[in-house]
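So the structure is just underneath, and the comments pick up after that.
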There are 2 protein chains.
Amino acid sequence: MNKKQLQSEQTKKRIVDAARALFVQKGYKATSIEDIVAATGSSKGNIYYHFKSKEGLFLTLLEDWDREWDVQWSQKEAQYTSVAEKLYGMTDHLVRDDMNHPLTKASDEFFNSDEISPEGEERIAQLVENHLQFFRKLISQGIENQEFKSENVEHVAITLESLFLGLSQMARKLTLDEALALYQSAIGVFLHGMVKKSA
Amino acid sequence: MNKKQLQSEQTKKRIVDAARALFVQKGYKATSIEDIVAATGSSKGNIYYHFKSKEGLFLTLLEDWDREWDVQWSQKEAQYTSVAEKLYGMTDHLVRDDMNHPLTKASDEFFNSDEISPEGEERIAQLVENHLQFFRKLISQGIENQEFKSENVEHVAITLESLFLGLSQMARKLTLDEALALYQSAIGVFLHGMVKKSA
DNA sequence: AAACATACTGAACGTTCATTCTGTATCTTA
DNA sequence: TAAGATACAGAATGAACGTTCAGTATGTTT
């Protein structure tokens with residue numbers, strides 16, 4: 001790699017890092033390209049040289065984030081035996097991660113915004129699909145284990161994804177400890193239900 | 001009530017109805033005051049005469065909607081005996097309602113947007129609090145009944161609200177029937193859990 | 001070193017919108 | 001019927017922002 005390519009990668013990284021920090025702090029819409037310019041020292045034109053659009057930049061961030069999360073999780077996963085334990089462990093990991101690197105708020109805002117290009121929709125759908133894939137796998141595993149009831153895997157996966165999606169929005173004003181307690185409690189309900197004697 | 005007050009109420013209603021339809025169709029941000037002007041025949045100035053701001057108008061809509069929903073529900077509630085049945089019935093009612101008068105999309109967008117005034121925050125918090133209140137009551141009832149386990153009511157209420165919040169976002173591209181099936185399945189999990197033999 | 005490609009600059013553009021303001025019409029009240 | 005209040009009109013304002021583009025600089029290749 002020659003000097004120019006190296007330089008280029010470094011600036012790209014500078015942009016990505018600054019953008020991530022800003023999106024986390026201020027949310028998607030409230031972070032302007034101008035803000036990113038101010039934070040990087042790079043120019044507007046340069047940002048558009050490296051990224052197709054603000055949306056594209058943001059989506060890149062989300063995709064990177066998910067990828068990193070997967071890597072970290074797969075390192076931790078081995079230490080859990082039952083699927084129930086995995087779920088608790090994953091939740092713990094997720095909450096701690098969401099509270100520190102939370103593109104969560106920005107991404108909820110982004111998902112629910114109405115200025116998303118068709119390409120953006122596509123990339124979001126892919127992200128969601130990855131999450132569902134993850135949950136499907138976990139649930140199937142639980143069923144094969146005889147640990148879980150044999151329910152409709154697709155429905156349960158969407159239910160789990162919905163639960164986490166909703167929790168992340170409800171937990172925004174909570175402290176880390178409160179959030180942890182809430183999430184663990186929610187997983188408890190997911191696992192054992194609310195009805196006293198289950199069939 | 002004299003002629004002028006009557007006239008005034010009618011225009012206000014025209015605005016509210018048109019705005020609701022537009023917000024439902026296009027979402028919050030994408031609905032401009034101009035759109036509402038076009039749909040009502042009223043002028044911009046007049047809309048601002050009747051409503052403090054776009055945000056205020058929207059919040060009014062949400063509050064009305066919740067109030068109407070409560071009224072409708074309390075008429076239906078009597079027909080269910082167990083809390084579990086109530087939950088299923090409520091979900092059914094909710095899904096059918098959400099699919100027809102769905103400010104759902106717009107309100108998710110609005111909640112997650114970043115241009116909310118302090119007063120708006122306050123009114124949203126109140127709406128959420130009402131939902132939680134509703135769920136707390138339901139859950140407490142289940143516990144008193146001996147129908148539900150004696151869990152942390154607050155956590156379970158937030159869990160339920162989160163679940164519905166998440167589901168409404170995940171169910172957007174589904175048909176009514178698919179959504180109904182998903183919601184019912186989710187309630188099943190909420191009631192009975194996924195683990196095979198519950199304690 | 002000349003030709004070329006890549007990286008970068010920043011002013012200008014274009015559009016979108018909520019909100020305000022000045023003025024006018026309609027109705028009520030004294 | 002005159003004075004006052006209420007309801008309504010719609011042009012003007014003004015700020016925010018993402019994106020583009022013509023041009024410059026820096027590094028690479030021949």
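Each chain gets a letter, A, B and so on, in the order the sequences are listed, and its residues count up from 1.
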**OP:** Report, as yes or no, whether the 6.0 Å neighbourhood of atom CD on A/E122 holds more than 12 heavy atoms from other residues, nucleotides or ligands.
**Re:** no
Original post:
Above 12 or not: heavy atoms from other molecules or residues under 6.0 Å from CD of A/E154?
Top reply: yes
In this structure, how many angstroms lie between the [atom2] atom of [N] and the [atom1] atom of [X], rounded?
| X | N | atom1 | atom2 | answer |
| --- | --- | --- | --- | --- |
| B/N46 | C/dT24 | CG | P | 17 Å |
| A/K52 | D/dG18 | NZ | C1' | 14 Å |
| A/I36 | C/dG10 | CD1 | P | 17 Å |
| B/E9 | C/dC27 | CD | P | 17 Å |
| A/Y49 | C/dT6 | OH | P | 7 Å |
| B/E34 | D/dA9 | CD | C1' | 13 Å |
| A/Q10 | C/dT6 | CD | C1' | 16 Å |
| B/Q7 | D/dA7 | CD | P | 10 Å |

Does the pair [X]/[Y] count as a salt bridge with the N-to-O cut at 4.0 Å?
| X | Y | result |
| --- | --- | --- |
| A/K29 | A/E109 | no |
| A/D108 | A/K105 | no |
| A/K13 | A/E9 | no |
| B/R67 | B/D70 | no |

**OP:** Would you please indicate if the ring centroids of A/W69 and A/F134 are separated by under 6.0 Å?
**Re:** yes
**OP:** Measure centre to centre between the rings of B/F135 and B/F164, then say whether the value is under 6.0 Å.
**Re:** yes
Subject >> Among D/dA9, C/dT9, C/dC8, the one nearest A/S42 by side-chain distance >> reply: C/dT9
Original post:
Looking at the side chain of B/Y48, which of C/dC8, C/dT19, D/dG18 is the nearest nucleotide?
Top reply: C/dT19
**OP:** Examine D/dT6: is either OP1 or OP2 under 4.0 Å from a nitrogen or oxygen in the side chain of B/S8? Give yes or no.
**Re:**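 For B/S8, the contact criterion (side-chain N or O under 4.0 Å from OP1 or OP2 of D/dT6) is not met.
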Original post:
Under 4.0 Å between a side-chain N/O of B/H50 and OP1 or OP2 of D/dC8, yes or no?
Top reply: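 Looking at the OP1 and OP2 atoms of D/dC8, one of them is under 4.0 Å from a side-chain N or O of B/H50.
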Subject >> Modelled atom types, side-chain donor and acceptor of A/R136 and A/Q133, under 3.5 Å >> reply: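 Present: a donor and an acceptor within the cut-off.
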Original post:
Does one side chain, of A/Q141 or A/N145, offer a donor that lies under 3.5 Å from an acceptor on the other?
Top reply: no
Subject >> Hydrophobic cluster identity match, B/W65 and B/M90, side-chain contacts under 4.5 Å >> reply: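 The answer is yes; both residues are in one hydrophobic cluster.
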Subject >> DNA chain C contacts made by residues 116-125 of chain A, counting heavy atoms under 4.0 Å >> reply: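 Going residue by residue through residues 116-125 of chain A, none turns out to have a heavy atom under 4.0 Å of DNA chain C.
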Original post:
Should B/I143 and B/V83 be marked as a side-chain contact (heavy atoms from CB on, under 4.5 Å) after you check the CA-CA gap, both sets of side-chain angles, and the distance that decides it?
Top reply: CA-CA 9 Å; B/I143 293 175; B/V83 174; over 6 Å; no
Output a table of nitrogen or oxygen pairs between the protein and nucleotides 15-17 of chain C separated by less than 3.5 Å.
none

Table of protein N/O atoms under 3.5 Å from nucleotides 28-30 of chain D N/O atoms:
unit_1: D/dT28; atom_1: OP1; unit_2: A/K3; atom_2: N; d: 3.0
unit_1: D/dT28; atom_1: OP1; unit_2: A/K4; atom_2: N; d: 3.3

